[in-house]
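Report on one structure; see the data block that follows.
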Amino acid sequence: MARARARTPLPLRTRAPATGHPKRRPPALELAARPNPWARAAGLTAVVLLGAWLGLLIVGNVRAPVGPMNTTMTLRPSLTGGTKINISPLGALRLDSHTAPVRLDVNVDQLDPARSQALVDHPERLSGLQDEVAEDVRHGTLDLAVRSCVAVVAGATALGLAVYRRPRRALTAGGLALALLAASGATAYATWNPKSVLEPRFSGLLSSAPSLVGNARSIVTEFDVYQQELARLVTNVTKLYDVTSTLPAYQPDPTTVRVLHVSDIHLNPASWKIIGSLVEQYKVNVIVDSGDTMDHGSAAENGFLDPIADLGAPYVWVRGNHDSRLTQHYLEGVDNVHVLDDGRAVTLAGLRFAGIGDPQFTPDRSSVPGAGASQEEAGDRLASALRAQAAAGTPVDVAVAHEPSAARRTDGAVPLVLAGHLHHEETEVMKNGTRLRVEGSTGGSGLRAVEGEYPDPIQASILYFDRDTRRLQAWDEIELGGLGLTTAEVSRHLPEENQPGAAPGDTPFPSPSPSPSPSP
C-alpha cells in the first residue's frame, strides 16, 4: 500500500510568470479600416463647395436700386468669371470683367415708376444720373460682398453639420468656404479688367441695339472707368425703357464711315434679308463681299445675285474659289456692284478699296496642285498694285482677297486687308503692321449647314472708320444662330491704338496721306 500510495502522481502546479505581468490576450480584430485621408479631403471639399453654392443660391443676393431701376445683384459659381447684365425682356450684356470662379450677375428687374416719372418730369436730372448710378452700384456691390461671405459660411457650416454631425468639422467647412470666397475675390481683383466694357457681347434683342454702348467715336473717347461705364449703360437702358422698349436705330457719329463685311454666302437666300436689315439698321455706307457668294459658279445660279441691286449700299466684290469667271462677268453688269480684280481700286464713301479674285476655281472642294503658290502669287500682285497706288498719291485704305494666304502677302502695303474662306472669324495684326480681318460665313456655310451635328452660325461684321484719317476705329462682330436657331450676339472690339491711354505712336501702320478724290 505504501508503495502504491507513493506512485500516485501529485497534482501539477501552475507557475506564475516570472515577470509578474498578466497573461497577454490576442489582439482584437479591427471592425473597420481607417478612412483614406484623400477620400476624407475630397469629401470635405465637396461639402464646402456644395454648401457654399447652396448658401449663395438661397441668400447670396442683394436687391438694390440703381438709378431709376430695381436690380438684383448675385454672385454665382462660374468657370470663366465675368459680369452678366440681364435686361429683361431685351436680352443680356456680357463683360469679361475678371477671371475667377465667381460671376457677377446683375438682373434689371423693373423700372421704378416713381423714380422714372421724376426723370420724365425733370429731364435735367439725366445729366447727373451717371454719378447717382455709380454710387448705387458701389453700395450694392459692397452689400453683396458682405452678404455673400455670410451666405457661403452659413451654407457650408450647415451642410457640414448635417453630414458630419460634429461642430468642429462643420466649423472647419465654414472656414474653408470663407477662405475659398476670399481667394476668389483676390483672383477677381488681380484679374480685374476695367476695359472690358470696350468689348461687350450682346444677346437677345439687345443685339440689335448697339447704341447702348454709344457710337464708334464715343467708345474711343468716353470709356475710361468700368464703374462709370456700367453707369452709362444703365443710363442708356433707362432711356430705352423710357421709350416703351422700342429699340432705337443706331445713331453713328456723323464723321464715321460704316462698312459691312460679309463673306462665303454660298447661295443662302436668307443672307440678303439679313444684309439688308444690317444696312438699314447700322446705316451702312459700303458692303464688302470677300467671295464665295455662289456654290458652283454655274449660269443657273446667277439669278441668286439679283437682290444685290436693292441692298441700299454700294457692293464691293471679289471672286472666291466657288465663284466662276461667269459669275464675275454677270456681277459686272449688276447695278451697284463694284467688282475688284488684279488690284483694281475704287473709292466709295471716302475710302479707297482694292482687291483681287481667287486664282482657283474649285466648286467641288478639290485640291489643286500648286494652289498655295498660286495664292501667294495673287497676293504678291495685289501688294504690287497697292504700292503702285501709294506711289501715285492715291493710297488704298482697305484691300480685299478671298484666301487669307493671299491677303497675308499685302502685309506692310495697306492698313487693313479683308478675307474670308475659313468660315470663321479671325483678326490679327501682322508683322509689318497690316491688320487682317477674316470674316465667317454670312450664309451659315450655305447648304453645308446640314452636314455637321451643329449648324454653322451666320457671321458678319460692321467696321467703323474715321472719315478724316480713314483708319479703323472699331468693329462689331455679329453672330446669328445657324439653321433652325434664333440666337443673336454682337460683340464690340477696338484696335489696340484706340484703347484708352494709347499713345499716338502706338498706331501699327504709318499715317495715310490726305484723302484722295473719288475716282472710278
Side-chain angles (χ1 to χ4, degrees), residues 216 252-263 279 282-291 308 311 313-319 328 331-332 336-357 378-402 406-420 429-430 432-439 461-475 495 497-498 507-520:
D253 187 284
T255 65
T256 301
V257 179
R258 298 155 306 282
V259 174
L260 171 60
H261 182 199
V262 302
S263 189
V279 168
Y282 285 84
K283 308 301 180 187
V284 167
N285 300 104
V286 181
I287 305 168
V288 174
D289 185 341
S290 50
I308 294 177
L311 289 178
Y315 199 92
V316 175
W317 184 86
V318 298
R319 188 179 65 252
Q328 179 165 317
L331 275 173
E332 288 172 344
N336 210 35
V337 175
H338 301 267
V339 175
L340 302 184
D341 199 5
D342 295 322
R344 176 176 178 264
V346 62
T347 299
L348 299 166
L351 296 177
R352 192 156 179 83
F353 301 85
I356 194 167
D380 289 339
R381 293 204 313 271
L382 177 57
S384 178
L386 296 174
R387 294 187 180 94
Q389 289 279 343
T394 55
V396 171
D397 305 304
V398 183
V400 190
H402 179 66
R408 291 180 185 279
R409 307 296 287 188
T410 67
D411 187 18
V414 67
L416 174 68
V417 59
L418 305 179
V429 177
M430 295 184 285
N432 295 320
T434 296
R435 184 179 301 275
L436 169 63
R437 276 280 302 141
V438 179
E439 190 54 76
S461 297
I462 302 291
L463 313 177
Y464 303 101
F465 293 84
D466 184 277
R467 189 176 296 273
D468 297 326
T469 66
R470 311 193 308 280
R471 289 303 171 82
L472 184 67
Q473 285 186 306
W475 69 92
E497 62 269 20
N498 281 353
T507 302
F509 200 85
S511 299
S513 59
S515 299
S517 57
S519 62

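Here the side chains of Asp289 and Val316 are not in contact, with every heavy-atom distance at 4.5 Å or above. Between Tyr315 and Val262, the closest side-chain pair of non-hydrogen atoms falls below 4.5 Å.
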For side chain to side chain contact (heavy atoms under 4.5 Å, CB included), just list the numbers for Leu463 and Leu472, CA-CA rounded to whole Å, side-chain angles, deciding distance to a tenth of an Å, and then say yes or no. CA-CA 7 Å; Leu463 313 177; Leu472 184 67; 3.8 Å; yes
Just do the side chain to side chain contact (heavy atoms under 4.5 Å, CB included) check on Arg258 and Tyr464 with the steps written out, would you? CA-CA 5 Å; Arg258 298 155 306 282; Tyr464 303 101; 3.8 Å; yes
Could you walk me through whether Phe465 and Val286 satisfy the side chain to side chain contact (heavy atoms under 4.5 Å, CB included) test, starting with their C-alpha distance in whole Å, then the side-chain angles of each, then the deciding distance to 0.1 Å, before giving a yes or no? CA-CA 11 Å; Phe465 293 84; Val286 181; over 6 Å; no
Given side chain to side chain contact (heavy atoms under 4.5 Å, CB included), test Val288 with Leu260 step by step and report yes or no. CA-CA 6 Å; Val288 174; Leu260 171 60; over 6 Å; no
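The distance from the OG atom of Ser384 to the CG atom of Asp342 is 11.5 Å, given to the nearest 0.5 Å. Here CG of Asn432 is found 4.0 Å from CG of Asp411. Values are rounded to the nearest 0.5 Å. With rounding to the nearest 0.5 angstrom, the NZ atom of Lys283 is 14.5 Å from the OG1 atom of Thr256. To the nearest 0.5 Å, the span separating CD1 on Ile287 from CD1 on Ile308 amounts to 8.5 Å. The distance from atom CZ of Arg408 to atom CG of Leu436, rounded to the nearest 0.5 Å, is 5.5 Å. Atom NE2 of His261 sits about 5.5 Å away from atom CD of Glu439, to the nearest 0.5 Å.
Salt bridge Asp397/Arg470: present, at least one basic N to carboxylate O contact under 4.0 Å. Salt bridge annotation for Arg409-Asp380: present, with a cationic side-chain nitrogen under 4.0 angstrom from a carboxylate oxygen.
Applying the side-chain hydrogen bond (donor to acceptor under 3.5 Å, both in side chains) criterion to Arg387, with sequence neighbours excluded, gives no partner residue. With sequence neighbours excluded, the residues satisfying side-chain hydrogen bond (donor to acceptor under 3.5 Å, both in side chains) with His402 are Asp292, Asn321, His421.
Here the closest heavy-atom approach between residue Leu348 and residue Phe353 is recorded as O-CE1, 3.9 Å. The shortest heavy-atom contact between Val400 and Val417 is N-CG2, 4.5 Å. Between Val398 and Val414 the shortest heavy-atom distance is N-CG2, 4.1 Å. Between Pro495 and Gln473, the shortest heavy-atom distance links the atoms CD-O, 3.0 Å. Across all their heavy atoms, Ser263 and Gly420 have their closest contact at OG-CA, 3.4 Å. Heavy atoms only, all atoms of each residue included: Ala313 and Asn336 are closest at O-ND2, 2.5 Å.
Remark: the Arg437 side chain and the Ser461 side chain contain an N/O donor-acceptor pair separated by less than 3.5 Å.
Checked by atom type and distance alone, the side chain of Arg435 never pairs as donor or acceptor with a backbone atom of Met430 at under 3.5 Å. Looking at Asp466, its side chain never comes within 3.5 Å of a backbone N or O of Arg471 through a donor-acceptor pair. In this structure, Asp341 contributes its side chain and Gly357 its backbone to a donor-acceptor pair below 3.5 Å. At distances below 3.5 Å, not a single donor-acceptor pair connects side-chain atoms of Thr434 with backbone N or O atoms of Leu416.
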